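These notes concern the structure reproduced below.
Letters A, B, ... mirror the listed sequences (proteins, then strands); counts begin at 1. These numbers were taken from a predicted model, which means no experiment stands behind them.
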Amino acid sequence: MPKITLPDGSAREYENPVTVMDVAESIGPGLAKAALAGRVDGELVDSSCLISTDADLAIITERDTDGLEIIRHSCAHLMAQAVQRLFPKAQVTIGPVVENGFFYDFAFSRAFTPEDLQAIEKVMGDIVKENLTVERSVMSRDEAVEMFKEKGEDYKVQIIESIPGDEDLSFYRQGEFIDLCRGPHVPATSSFKAFKLTSVAGAYWRGDASNEMLQRIHGTAWGSKKDLKLFLQRLEEAEKRDHRKLGKHLDLFHFQEEAPGMAFWHPKGWSIYQTVQRYMREVQDKNDYKEINTPQLVDYSLWEKSGHASKFSDEMFSVESENRMYAIKPMNCPCHIQVFNQGLKSYRDLPLRLAEFGSCHRYEPSGSMHGLMRVRSFVQDDGHIFCTEQQIQAEVADFMTLLFAVYKDFGFDEVILRLSTRPEKRVGSDEVWDKSEQSLKDALNATGLPWELVPGEGAFYGPKIECSLKDCMGRVQQCGTIQVDFSTPGRLGAQYVAEDGSRQEPVMLHRAVLGSFERFIGILIEHYAGAMPAWLAPEQAVILNITDKQSNYCRNFEESLKNKGFRVSADLRNEKIGFKIREHTLQRIPYLLVVGDKEVEKGTVAVRKRGGEDLGAMTFDEFCTLLNQDVASFGRGA
RNA sequence: GCUCGCAUAGCUCAGGCGGUAGAGCACUUCAUUGGUAAUGAAGAGGUCCUCGGUUCAACUCCGAGUGUGAGCACCA
């Protein structure tokens with residue numbers, strides 16, 4: 001006689017053991033129809049799960065995050081079934097849920113085409129109409145291996161054989177299709193209301209580049225057609241914001257074949273770049289960093305000493321000259337240590353914070369490049385803090401504060417923190433790694449913010465905190481980092497004289513707030529959809545005359561604004577005002593200043609914001625005040 | 001780097017079952033001096049990514065290369 005307690009606190013008693021679906025039905029037919037699964041005493045189960053003892057139960061529907069995940073996971077099965085109906089020789093592998101959807105990897109003799117995708121989607125629709133019941137079953141490992149061997153599913157056999165332990169495995173069957181799965185799943189194939197296959201691409205078996213390539217089909221699935229539509233609209237919006245597209249439309253930068261992965265910055269793009277750099281320089285100055293600059297070419301031997309050559313030689317550009325091998329610097333740290341090493345340092349000099357807008361070149365694999373986001377030539381807002389072990393925590397904490405403030409100025413309020421710990425390939429003793437990881441953990445805890453542990457993802461010389469920001473599309477972008485390094489200073493002979501007169505090796509903290517200017521500007525472009533806040537906008541205002549009569553007045557106004565340090569221009573072309581407004585609005589210029597006879601007479605300009613808002617007539621001083629305020633607010637609250 | 005796709009005017013893109021190409025915007029010129037998202041007309045603009053192959057003939061078909069897109073792998 002199970003007593004079922006529902007989330008609202010109400011309880012129901014049943015005479016016999018009941019399934020989740022039974023409970024849903026007893027509550028109402030609407031709920032029964034919507035029920036996808038249940039959460040019994042906190043654990044997700046199928047709707048067919050039998051409850052025989054008193055329990056807390058929540059019925060999961062598409063409205064729950066869990067419900068959506070179940071739909072997506074089940075949709076992966078649905079797709080696999082459709083694929084195998086169309087292509088019986090395609091072998092199934094894995095099909096997990098991802099953000100907004102799912103994918104399934106197939107081993108097949110050829111690549112799937114967009115037409116295949118359409119056909120698959122159609123068969124998926126057929127299976128939904130067939131309303132096949134999804135049934136869970138349990139099998140021993142041997143039985144399962146036997147079954148999949150018979151079906152010729154070599155990959156499934158491998159998967160089952162690699163699952164540790166020897167408990168029985170659960171399987172889900174719908175019609176002729178059966179797949180190994182932990183579940184839970186939807187009760188029947190009629191549960192799908194809105195899905196779409198979005199793309200097909202190669203993916204390595206088990207994520208290992210030395211393995212064969214499978215065919216990965218991505219799909220998206222939602223609880224309702226409306227949600228699917230909203231999602232597709234969001235994709236469209238993201239496409240419109242693509243920094244590569246906007247970079248061209250707004251004339252910010254370009255790429256060309258002769259310099260793959262290296263941006264040609266145009267005047268407007270470079271203006272943004274310079275503004276960001278000036279800002280960072282100011283922030284660094286205020287925070288007691290000393291800016292330096294180090295060579296682009298450095299003898300290869302330095303990279304061998306630092307340990308980079310042995311790990312990254314394939315990705316370093318090198319230059320031979322006068323029988324010497326140089327590397328074009330792929331990073332700045334070894335050079336910063338050279339600066340530290342000049343002159344004997346005392347503990348009194350620590351912490352010593354060196355900063356450089358360091359131009360770096362890396363031969364990134366061709367397939368990894370992506371607009372400004374991943375390039376072969378970039379400039380880091382790099383910095384290295386030389387300090388003692390005792391100073392690490394305070395330095396990391398200060399850095400985090402600085403980073404939060406900078407992100408806020410750029411209009412990013414949400415920061416996501418992750419700690420990456422020792423990778424397999426690394427230098428330094430475990431003891432040193434213990435120490436480094438602990439100091440970062442302490443610093444993270446001190447921020448009071450949540451953080452995530454990512455084991456094995458640290459740099460080869462030390463663990464790191466990665467700081468990601470969330471842009472206005474909800475996308476997470478990794479930008480800042482701070483890394484503890486107990487190894488490299490020693491390798492490159494950095495020392496300081498301690499209080500007791502002994503020679504000690506300093507700890508080095510590698511840190512960057514923006515990461516690279518290129519990538520960060522790419523993120524900014526997409527975040528603002530090209531409509532940069534006034535402080536960053538390459539052109540802050542443009543003055544538009546209505547007829548030639550006002551040209552001189554416009555030129556004078558422009559000149560006066562320029563003298564105040566604003567980035568403005570005048571558009572005195574013989575064009576209609578509507579045309580000029582349209583053009584400069586499309587160029588996302590924050591303020592359009594219209595001048596006709598009325599304005600000349602009164603000594604004003606008519607101010608229009610790029611969004612279309614009319615701010616009315618303003619005098620020169622009034623407009624300067626407005627623009628100054630706008631610029632001073634940075635991107636906060638934008 | 002891997003799988004698959006793509007590469008045509010400055011930009012966005014059409015096009016042709018193999019016979020050297022077209023639109024809109026931009027550009028130039030002329031007319032127009034017009035008050036808040038496109039004034040009208042005319043003109044100019046292309047080695048159809050590169051190199052090979054097939055063919056009487058290749059921008060089109062085939063192969064390779066380069067770049068690029070999606071995804072995978074990589075990311076000091």
Q) According to a strict under-4.0 Å criterion, is A:Arg244 in side-chain N/O contact with OP1 or OP2 of B:A70? A) yes

Q.
So A:Ile577, base contact, sugar-phosphate only, or nothing? Heavy-atom distance under 4.0 Å.
A. sugar-phosphate

Q. Nearest of B:U39, B:G67, B:A76 to any side-chain atom of A:Lys576?
A. B:U39

Q: Between B:C2 and B:C11, how far apart are the P atoms? Round to whole Å, please.
A: 29 Å

(Q) Looking at A:Glu526 and A:Arg241, is there a salt bridge between them, counting it only when a charged N and a carboxylate O are closer than 4.0 Å? (A) no

Q) Salt-bridged, A:Arg511 to A:Glu395, with N to O below 4.0 Å? A) no

(Q) Nearest to the side chain of A:Ala201, heavy atoms from C-beta on, is which of B:A70, B:A37, B:G1? (A) B:A70

(Q) Counting the benzene-type ring for Trp, do A:Phe112 and A:Phe87 have ring centres under 6.0 Å apart? (A) yes

Q: Between A:His249 and A:Cys333, just flag the one whose closest nucleotide in RNA chain B comes earlier from the 5' side.
A: A:His249

Q: Round to the nearest Å and state the distance from A:Leu593 atom CG to B:G35 atom P.
A: 19 Å

Q.
Need one value for A:Gln215: base, sugar-phosphate or nothing, where a base atom within 4.0 Å counts as base even if backbone is also close, heavy atoms only.
A. sugar-phosphate

Q | Given A:Tyr104, A:Phe103, A:Phe108, the one that forms ring-ring contact (aromatic ring centres under 6.0 Å, His included) with A:Phe106 | A | A:Tyr104

Q. To the side chain of A:Lys248, which of B:C11, B:C2, B:A38 is closest?
A. B:C11

Q. Looking at the side chain of A:His218, which of B:G71, B:A38, B:C75 is the nearest nucleotide?
A. B:G71

Q) Base, sugar-phosphate, or nothing for A:Tyr461, non-hydrogen atoms under 4.0 angstrom? A) sugar-phosphate

Q) Counting only side-chain N and O atoms of A:Lys329, is one of them less than 4.0 Å from OP1 or OP2 of B:A76? A) no

Q) Between A:Phe557 and A:Phe623, is the gap from one ring center to the other below 6.0 Å? A) no

Q: Indicate, with a heavy-atom threshold strictly under 4.0 Å, whether A:Gly612 touches base, sugar-phosphate, or nothing.
A: nothing

**Q.** Nucleotide of B:U68, B:A73, B:U36 approaching A:Ser368 most closely (side-chain heavy atoms)
**A.** B:A73

Q: Just say parallel, tilted or perpendicular for the rings of A:His370 and A:His243, cut-offs at 30° and 60°.
A: tilted

Q: Rounded off to whole Å, could you give me the CD1-to-P distance for the A:Ile546 and B:U36 pair?
A: 8 Å

Q.
When you measure only distances, ignoring hydrogens and angles, does the side chain of A:Tyr204 come within 3.5 Å of the base of B:G1 through a donor and an acceptor?
A. yes

Q) At under 4.0 Å between heavy atoms, what does A:Arg608 touch on the DNA or RNA strands: base, sugar-phosphate, or nothing? A) base

Q. A:Asp381 side chain to A:Val513 main-chain N or O, any donor-acceptor pair under 3.5 Å?
A. yes

(Q) Any side-chain N or O of A:Ser366 below 4.0 angstrom from OP1/OP2 of B:G1? (A) yes

Q. Salt bridge or not for A:Arg244 and A:Asp242, using N-O below 4.0 Å?
A. yes

Q) Considering only B:G1, B:A37, B:A76, which nucleotide approaches the side chain of A:Met316 most closely? A) B:A76

Q) Given B:U36, B:G35, B:C75, which nucleotide is nearest the side-chain atoms of A:Lys311? A) B:C75

**Q.** Side-chain donor/acceptor of A:Asp614 to base of B:U36, under 3.5 Å
**A.** no

Q.
Mind checking if A:Lys425 touches a base, just sugar-phosphate, or nothing, with heavy atoms under 4.0 Å?
A. nothing

Q. With no angle test and no hydrogens, is the base of B:G35 tied to the side chain of A:Glu599 by a donor-acceptor pair under 3.5 Å?
A. yes

Q) Looking across every strand, which nucleic acid part, if any, lies under 4.0 Å from A:Glu315 by heavy atom: base, sugar-phosphate, or nothing? A) base

Q | Distance between C1' atoms of B:U66 and B:C13 (Å, rounded) | A | 23 Å

Q | Interatomic distance, A:Arg374 CZ vs B:C72 C1' [rounded to whole Å] | A | 13 Å

Q) Between B:A73 and B:A21, how far is it from one P atom to the other, in whole Å? A) 46 Å

Q. B:U50 and B:U8: how far apart are their C1' atoms, nearest whole angstrom?
A. 15 Å

**Q.** Whole-Å P distance, B:G22 and B:G67
**A.** 33 Å

Q | P gap between B:G10 and B:C48, integer Å | A | 12 Å

Q: By nearest nucleotide on RNA chain B, pick out whichever of A:Glu257 and A:Glu575 is the more 5' one.
A: A:Glu575

Q.
Rounded to whole Å, how long is the line connecting atom CG of A:Asn574 with atom C1' of B:U28?
A. 15 Å

(Q) From the set B:U68, B:A37, B:C4, return the single nucleotide nearest to any side-chain atom of A:Pro260. (A) B:U68

**Q.** Salt bridge present between A:Asp434 and A:Arg422 (N-O < 4.0 angstrom)
**A.** yes

(Q) Here's a test for you: under side chain to side chain donor-acceptor pair (under 3.5 Å), which of A:His384, A:Gln483, A:His336 qualifies with A:His510? (A) A:His384

Q | Listed nucleotide nearest any side-chain atom of A:Phe312, set B:U33, B:C27, B:C75 | A | B:C75

Q.
For RNA chain B, report each stem as range with range, ordered by first number, or say none. Use Watson-Crick or G-U wobble pairs under 3.5 Å, at least 3 in a row.
A. B:1-7 with B:66-72, B:10-13 with B:22-25, B:27-31 with B:39-43, B:49-53 with B:61-65

Q.
Looking at A:Arg362 and B:C74, is any side-chain donor or acceptor paired with a base atom of the opposite kind under 3.5 Å?
A. no

Q | Gap in Å between the two P atoms, one belonging to B:C4 and one to B:G16, rounded | A | 26 Å

Q. So what does A:Arg376 touch, heavy atoms closer than 4.0 Å: a base, only the sugar-phosphate, or nothing?
A. nothing

Q: Hey, can you tell me if A:His308 and A:Phe460 have their rings parallel, tilted or perpendicular (30° and 60° cut-offs)?
A: perpendicular

Q. Atom CG of A:Leu372 to atom P of B:C75: distance rounded to whole Å?
A. 22 Å

Q | Face-to-face contact A:Phe460 to B:A76 six-ring, under 5.5 Å, under 30° | A | no

Q) When we call it a touch if two heavy atoms are under 4.0 Å apart, what does A:Gln380 touch: a base, just sugar-phosphate, or nothing? A) nothing

Q: Describe the nucleic acid contact of A:His370 in one word from base, sugar-phosphate, nothing, applying a heavy-atom distance below 4.0 Å.
A: sugar-phosphate

Q) Between atom CD in A:Glu457 and atom C1' in B:A73, what is the gap in whole Å? A) 13 Å

Q: Identify whether any heavy atom of A:Gly596 sits under 4.0 Å from a base atom; if not, whether one sits that close to sugar-phosphate; answer base, sugar-phosphate or nothing.
A: base

**Q.** P-based separation of B:A14 from B:C27 [nearest Å]
**A.** 24 Å

Q | Basic-acidic side-chain contact under 4.0 Å: A:Lys240, A:Glu236 | A | no

Q: Scan A:Leu592 against the nucleic acid and name what it touches under 4.0 Å (heavy atoms): base, sugar-phosphate only, or nothing.
A: nothing

**Q.** Out of B:C2, B:A73, B:A38, whichever nucleotide has its closest atom nearest the side chain of A:Met213
**A.** B:C2

